[in-house]
Each structure stands twice: as structure tokens, then as C-alpha cells.
A.B. asks: 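I'd like to ask some things about the structure below.
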Amino acid sequence: MRVLVVGAGGVGGYLAGIIGKNGFDVTIFATPKTNQFIAKNGLIIKEGEEQFSICLKTQLEGIYDIVIVATKSYNLDEVIPIIQKHTNKNSVVLPLLNGVAHFEKLQQFNLKKGCIYIVSHKIDINIVYKKAPTFYLCYQKDEKLD
């Protein structure tokens with residue numbers, strides 16, 4: 001199972017780290033500066049007093065089974081061509097953005113609706129801090145996402 005996480009902030013960075021830590025093939029895609037830094041130094045996830053570091057792919061290659069979109073909504077127009085290039089009709093796209101306006105922009109994909117409740121933020125270019133135990137991810141039923 002190949003997973004692409006678009007966005008390396010509090011949501012995308014955290015999910016990429018956790019999914020990668022659990023043995024999945026994860027590529028993270030962010031700004032060129034962030035991608036380069038993560039490729040060289042890894043991604044660090046801090047949860048309370050604990051932390052871990054993980055090396056993730058940052059080079060986009062081929063088709064992904066799952067694409068998690070965790071950008072700000074104002075960046076969506078920039079990332080849609082990237083998603084188009086790295087998905088096919090079997091790929092699942094799960095947007096985790098604020099609001100619902102993005103659903104119309106992403107309707108061309110095999111879209112599954114979802115939401116996340118998390119208290120996390122990026123504290124440095126490659127460091128995501130989850131500062132509260134709150135974590136709830138819900139999404140439209142899908143075998144790949146399960």
C-alpha cells in the first residue's frame with residue numbers, strides 16, 4: 001500500500017509520521033524547502049514528552065493507492081495537478097481540510113470524505129508537535145482506508 005500525504009503541517013506531518021511508523025510506504029509532499037529538509041534530516045513527531053524520528057520519501061514516483069490531502073485550502077489549486085499525475089481510478093483521495101468547499105474541486109477523484117480532530121502544529125520545518133491526547137479520524141467507509 002503506497003500512501004502520499006500532501007502537506008507536512010500539524011495534520012499531514014503527524015499522519016505521515018504515524019502511518020510510516022506503522023510500516024506503510026509513505027511519501028510526504030510539501031514545499032521544496034521542507035521536502036529537502038525532511039529528506040536529509042527525517043521528520044520528528046513529538047507527543048507530550050515522547051518523540052520519534054522517521055525517514056520518509058519526498059520524491060513523487062508513480063501512482064499512489066491513497067492520497068491524504070492536508071494542505072491549507074488556498075494551496076489546493078497548486079496541488080490538484082500533482083494529485084492528478086499520481087493517482088488513477090483505483091486511488092483513494094482523502095481530504096482533511098477545514099470546511100467543505102474543497103469537495104467540489106476534488107470531485108474528479110475517487111474522493112472519500114473525512115474529518116480529523118487533533119491538537120497539533122508544526123514547531124519547526126521538520127518537527128510536528130501533538131500537544132494533547134485528542135485524536136479522532138473519521139472517514140467515509142473504504143476498504144483501502146480501513
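When a residue number appears, it is its place in the shown sequence, counting from 1.
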A.B. asks: How long is the straight-line distance from NZ of K144 back to CG of D65, given to the nearest 0.5 Å?
C.D. replies: 5.0 Å
A.B. asks: Search all heavy atoms of K130 against all heavy atoms of S120 and return the closest pair with its distance.
C.D. replies: CA-CB, 3.8 Å
A.B. asks: Please give me the minimum heavy-atom distance between A39 and T58, naming the atom from each residue.
C.D. replies: CB-OG1, 3.4 Å
A.B. asks: Are H102 and P95 close enough that some pair of their side-chain heavy atoms sits under 4.5 Å apart?
C.D. replies: yes
A.B. asks: Rounded at 0.5 Å granularity, tell me how far OH in Y64 sits from NE2 in H86.
C.D. replies: 6.5 Å
A.B. asks: Can you find a pair of side-chain heavy atoms, one from T27 and one from Q59, that are under 4.5 Å apart?
C.D. replies: no
A.B. asks: Side chain of T34, backbone of A30: donor and acceptor closer than 3.5 Å?
C.D. replies: no
A.B. asks: Do S91 and I63 touch side chain to side chain, with heavy atoms closer than 4.5 Å?
C.D. replies: yes
A.B. asks: With a cut-off of under 6.0 Å to the ring centre and 45° to the axis, is K113 in cation-pi contact with F103?
C.D. replies: yes
A.B. asks: Going hydrophobic residue to hydrophobic residue with side-chain gaps under 4.5 angstrom, can you get from L97 over to F135?
C.D. replies: no
A.B. asks: Any chain of hydrophobic side-chain contacts (each under 4.5 Å) joining V11 to F29?
C.D. replies: no
A.B. asks: Compare every heavy atom of I54 with every heavy atom of G20, then report the nearest pair and how far apart it is.
C.D. replies: C-CD1, 3.2 Å
A.B. asks: Which class fits the ring pair H121 and Y129: parallel under 30°, tilted 30 to 60°, perpendicular over 60°?
C.D. replies: perpendicular
A.B. asks: Could you tell me the separation between the CD1 atom of I38 and the NZ atom of K40, rounded to the nearest 0.5 Å?
C.D. replies: 14.0 Å
A.B. asks: When you look at R2 and D25, which way does the salt bridge (Lys or Arg N to Asp or Glu O under 4.0 Å) test go after all the steps?
C.D. replies: CA-CA 5 Å; R2 299 183 72 229; D25 180 358; 3.7 Å; yes
A.B. asks: What are the two closest non-hydrogen atoms of V3 and I68, and how far apart are they?
C.D. replies: CG1-CD1, 4.4 Å
A.B. asks: The test is side chain to side chain contact (heavy atoms under 4.5 Å, CB included); show your working for Q84 and Q108 and say whether it passes.
C.D. replies: CA-CA 9 Å; Q84 288 170 328; Q108 63 187 291; 2.7 Å; yes
A.B. asks: A side-chain contact here means heavy atoms from C-beta on lying under 4.5 Å apart; do I116 and L15 qualify?
C.D. replies: yes
A.B. asks: Applying side chain to side chain contact (heavy atoms under 4.5 Å, CB included), run through I18 and N22 and close with a yes or a no.
C.D. replies: CA-CA 6 Å; I18 293 298; N22 282 285; 3.7 Å; yes
A.B. asks: Using a cut-off of 6.0 Å, state whether more than 12 heavy atoms not belonging to N98 lie near its atom CG.
C.D. replies: no
A.B. asks: Report the distance from atom CG of L96 to atom SG of C115, rounding to the nearest 0.5 Å.
C.D. replies: 8.0 Å
A.B. asks: So if you build clusters from Ile, Leu, Val, Met, Phe, Trp, Tyr with side-chain heavy-atom gaps below 4.5 Å, do I118 and V5 land together?
C.D. replies: yes
A.B. asks: Treating Ile, Leu, Val, Met, Phe, Trp and Tyr as nodes and any side-chain heavy-atom pair under 4.5 angstrom as an edge, say whether L60 and L106 lie in one connected cluster.
C.D. replies: yes
A.B. asks: Calculate, to the nearest 0.5 Å, the distance between atoms CG and CG belonging to L56 and N126 respectively.
C.D. replies: 10.5 Å
A.B. asks: Please set out all donor-acceptor pairs under 3.5 angstrom arising from side-chain atoms of residues 74-82, sequence neighbours excluded.
C.D. replies:
unit_1: N75; atom_1: ND2; unit_2: E78; atom_2: OE2; d: 3.4
unit_1: D77; atom_1: OD1; unit_2: K105; atom_2: NZ; d: 3.0
unit_1: D77; atom_1: OD2; unit_2: K105; atom_2: NZ; d: 3.2

A.B. asks: Do you know which two heavy atoms are closest between E104 and Q107, and how far apart they sit?
C.D. replies: O-CG, 3.2 Å
A.B. asks: CD1/I66 to CG/L94 distance, rounded to the nearest 0.5 angstrom?
C.D. replies: 8.5 Å
A.B. asks: Are F52 and I125 in one and the same hydrophobic cluster, where Ile, Leu, Val, Met, Phe, Trp and Tyr link if side-chain heavy atoms are under 4.5 Å apart?
C.D. replies: no
A.B. asks: Heavy-atom count check: over 12 atoms from other residues, nucleotides or ligands less than 6.0 Å from Q36 CD?
C.D. replies: no
A.B. asks: How far apart are the C-alpha atoms of D124 and F37, what are their side-chain angles, what is the distance that settles it, and do they pass the side chain to side chain contact (heavy atoms under 4.5 Å, CB included) test?
C.D. replies: CA-CA 11 Å; D124 206 342; F37 201 88; over 6 Å; no
A.B. asks: Any donor and acceptor pair, going by atom type alone, linking the side chain of N110 with main-chain N or O of V92 inside 3.5 Å?
C.D. replies: no
A.B. asks: Is there a side-chain contact between V128 and I123, using heavy atoms and a 4.5 Å cut-off?
C.D. replies: no
